[in-house]
Peer 1: 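Quick one: this structure, given as structure tokens, is what I'll be asking you about.
Each residue takes its place number in the sequence, starting with 1. The structure displayed is predicted, hence computed values, not measured ones.
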Amino acid sequence: MPTTPKVKVSDFARASRAYVESALKKANLDGNSTITLEEAARLPKDLQDNFVKHAKVSVSKKTFISEFMKQVTDGAKKADGNKDGYLSLSDGKKLPETVRDNFKAYVAATKDVFGQGTGVNVKDTTKASTLAAHQAAYGDARVSYKDAFKK
């Protein structure tokens, strides 16, 4: 039975910090300590709204990171309705708008639609005798069982 995906708040915060630091490093064309409006345009779409929130033409990387992380941690703390340290998808809808898109991107990158992690693996547990009986009754299939389970 599929479970509702939940995200551990501390994992989301840690990943958010790494994500924003990496994105700023890539966007920072001149390698200095500030991000300009031109450089902000190179940020991933889900971080551009965080830049706009500063309402300036440039912002220091340090300020951008600390303000973003404050939004993530404070927002997650408020959104975690039952205070269990996890955010459900419905909790994620309670995040501030500038963090909600980051949460959606994080969930999309780390959880699959079945809530079982980042991918679903199919393991063939069919007995060889069952396969042989099926082939005897119906003939060879266009796609072998082995190939079908690979796909």
Side-chain angles (χ1 to χ4, degrees), residues 1-128 130-131 141 143-151:
M1 175 68 88
T3 60
T4 302
K6 285 191 168 191
V7 171
K8 192 172 184 179
V9 171
S10 60
D11 290 346
F12 175 54
R14 186 174 21 263
S16 294
R17 177 175 288 281
Y19 175 64
V20 73
E21 288 174 349
S22 174
L24 289 174
K25 186 176 182 177
K26 289 177 187 173
N28 191 359
L29 298 171
D30 54 14
N32 66 7
S33 63
T34 60
I35 297 295
T36 64
L37 190 57
E38 178 187 347
E39 292 169 327
R42 297 183 55 166
L43 289 170
K45 192 170 184 81
D46 65 342
L47 287 175
Q48 289 180 9
D49 60 343
N50 301 94
F51 180 85
V52 170
K53 188 169 172 59
H54 291 281
K56 296 180 181 175
V57 229
S58 68
V59 65
S60 77
K61 290 190 299 187
K62 184 177 179 179
T63 299
F64 188 96
I65 292 168
S66 67
E67 288 296 316
F68 176 73
M69 291 309 300
K70 183 171 177 26
Q71 290 172 23
V72 168
T73 55
D74 290 352
K77 188 182 280 188
K78 288 178 186 173
D80 181 11
N82 62 2
K83 308 298 180 208
D84 66 351
Y86 288 84
L87 295 175
S88 67
L89 296 180
S90 60
D91 290 337
K93 293 176 183 174
K94 299 173 192 170
L95 288 167
E97 190 174 344
T98 56
V99 178
R100 200 173 310 140
D101 56 350
N102 306 98
F103 178 76
K104 286 179 183 177
Y106 176 76
V107 170
T110 60
K111 304 286 181 195
D112 69 14
V113 293
F114 301 106
Q116 301 298 317
T118 57
V120 175
N121 294 320
V122 177
K123 183 178 180 187
D124 181 6
T125 58
T126 310
K127 295 179 183 175
T130 303
L131 296 177
V143 178
S144 71
Y145 280 98
K146 187 177 182 180
D147 290 340
F149 278 104
K150 281 181 184 176
K151 291 178 182 187

Peer 1: Counting only heavy atoms not in Lys104, do more than 12 sit closer than 6.0 Å to its NZ atom?
Peer 2: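 Counting neighbours around NZ of Lys104, 12 or fewer heavy atoms of other residues, nucleotides or ligands fall under 6.0 Å, so no.
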Peer 1: Any idea which heavy atoms bring Phe103 and Gly92 closest together, and the distance?
Peer 2: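 In this case the closest contact between Phe103 and Gly92 is CE2-CA, 3.5 Å.
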Peer 1: Starting at CG of Asn28, measure out to OG of Ser33 and round the result to the nearest 0.5 Å.
Peer 2: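 If we round to the nearest 0.5 Å, Asn28:CG and Ser33:OG are 8.0 Å apart.
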Peer 1: I need the Arg14 CZ to Met69 CE distance, nearest 0.5 Å.
Peer 2: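 Here the interatomic distance stands at 10.0 Å.
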Peer 1: If you compare all heavy atoms of Leu47 against all heavy atoms of Ala23, which two are closest, and at what distance to 0.1 Å?
Peer 2: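 Nearest heavy atoms, Leu47 then Ala23: CD1-CB, 3.5 Å.
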Peer 1: Regarding Tyr19 and Asp46, do their side chains bring together a donor and an acceptor under 3.5 Å, going by distance alone?
Peer 2: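 Judged by distance alone, the side chains do pair up.
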Peer 1: What do the steps show when you test Leu37 against Phe51 for side chain to side chain contact (heavy atoms under 4.5 Å, CB included), and what is the final call?
Peer 2: CA-CA 8 Å; Leu37 190 57; Phe51 180 85; 3.6 Å; yes
Peer 1: For Lys70, look at atom NZ and say whether over 12 heavy atoms of other residues, nucleotides or ligands are found less than 6.0 Å away.
Peer 2: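 Counting neighbours around NZ of Lys70, 12 or fewer heavy atoms of other residues, nucleotides or ligands fall under 6.0 Å, so no.
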Peer 1: Any side-chain heavy atom of Val7 within less than 4.5 Å of one from Tyr86?
Peer 2: no
Peer 1: Atom CG in Asn102, atom CG in Asn50: separation rounded to 0.5 Å?
Peer 2: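 Atom-to-atom, Asn102:CG and Asn50:CG are 5.0 Å apart.
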Peer 1: Please report the interatomic distance CD(Gln48) to CG(Asp101), rounded to the nearest 0.5 Å.
Peer 2: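 Answer rounded to 0.5 Å: 10.0 Å.
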Peer 1: Nearest heavy-atom pair of Gln71 and Thr98: which atoms, and what distance?
Peer 2: OE1-OG1, 2.9 Å
Peer 1: What is the distance from atom CG of Asp84 to atom NZ of Lys8, rounded to the nearest 0.5 Å?
Peer 2: 11.0 Å
Peer 1: What do the steps show when you test Leu43 against Lys26 for side chain to side chain contact (heavy atoms under 4.5 Å, CB included), and what is the final call?
Peer 2: CA-CA 8 Å; Leu43 289 170; Lys26 289 177 187 173; over 6 Å; no
Peer 1: Could you tell me which non-hydrogen atom of Ala13 sits nearest to which non-hydrogen atom of Val72, and how far apart they are?
Peer 2: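 Shortest heavy-atom contact: CA-CG1, 4.1 Å.
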Peer 1: Under 3.5 Å, side chain of Ser66 to main-chain N/O of Lys62, donor-acceptor pair present?
Peer 2: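 Confirmed, Ser66 side chain pairs with Lys62 backbone.
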Peer 1: Report yes if some heavy atom in the side chain of Glu38 is under 4.5 Å from a heavy atom in the side chain of Leu29; otherwise report no.
Peer 2: yes
Peer 1: For a quick test of reading the model, state the closest non-hydrogen atom pair linking Glu97 to Asp49 and the distance between them.
Peer 2: O-OD2, 4.0 Å
Peer 1: I'd like to know whether Arg17 forms a side chain to side chain contact (heavy atoms under 4.5 Å, CB included) with Ile65, so could you lay out the CA-CA distance, the side-chain angles of the two residues, the decisive distance to 0.1 Å, and finally the verdict.
Peer 2: CA-CA 7 Å; Arg17 177 175 288 281; Ile65 292 168; 3.3 Å; yes
Peer 1: So among Ile35, Leu24, Thr34, which one has a side chain to side chain contact (heavy atoms under 4.5 Å, CB included) with Phe64?
Peer 2: Leu24
Peer 1: Decide side chain to side chain contact (heavy atoms under 4.5 Å, CB included) for Glu39 and Asp30; before the verdict, give the C-alpha distance in whole Å, the side-chain angles of both, and the deciding distance to 0.1 Å.
Peer 2: CA-CA 9 Å; Glu39 292 169 327; Asp30 54 14; 3.2 Å; yes
Peer 1: Taking Lys83 for the side chain and Lys77 for the main chain, is one N or O donor matched with an acceptor at less than 3.5 Å?
Peer 2: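 Indeed, once roles are kept as given, a pair shorter than 3.5 Å links the two residues.
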Peer 1: Under the salt bridge (Lys or Arg N to Asp or Glu O under 4.0 Å) criterion, do Lys94 and Asp80 qualify, and how do the steps go?
Peer 2: CA-CA 9 Å; Lys94 299 173 192 170; Asp80 181 11; over 6 Å; no
Peer 1: To the nearest 0.5 Å, what is the distance between NE2 (His54) and CZ (Phe68)?
Peer 2: 10.0 Å
Peer 1: Please find the pair of heavy atoms, one from Tyr106 and one from Ala15, that lie closest to each other, and give the distance.
Peer 2: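 Of all heavy-atom pairs spanning Tyr106 and Ala15, the closest is CE1-CB, 3.4 Å.
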Peer 1: Mind checking whether Val9 and Leu87 have side chains closer than 4.5 Å, heavy atoms only?
Peer 2: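 They are in side-chain contact.
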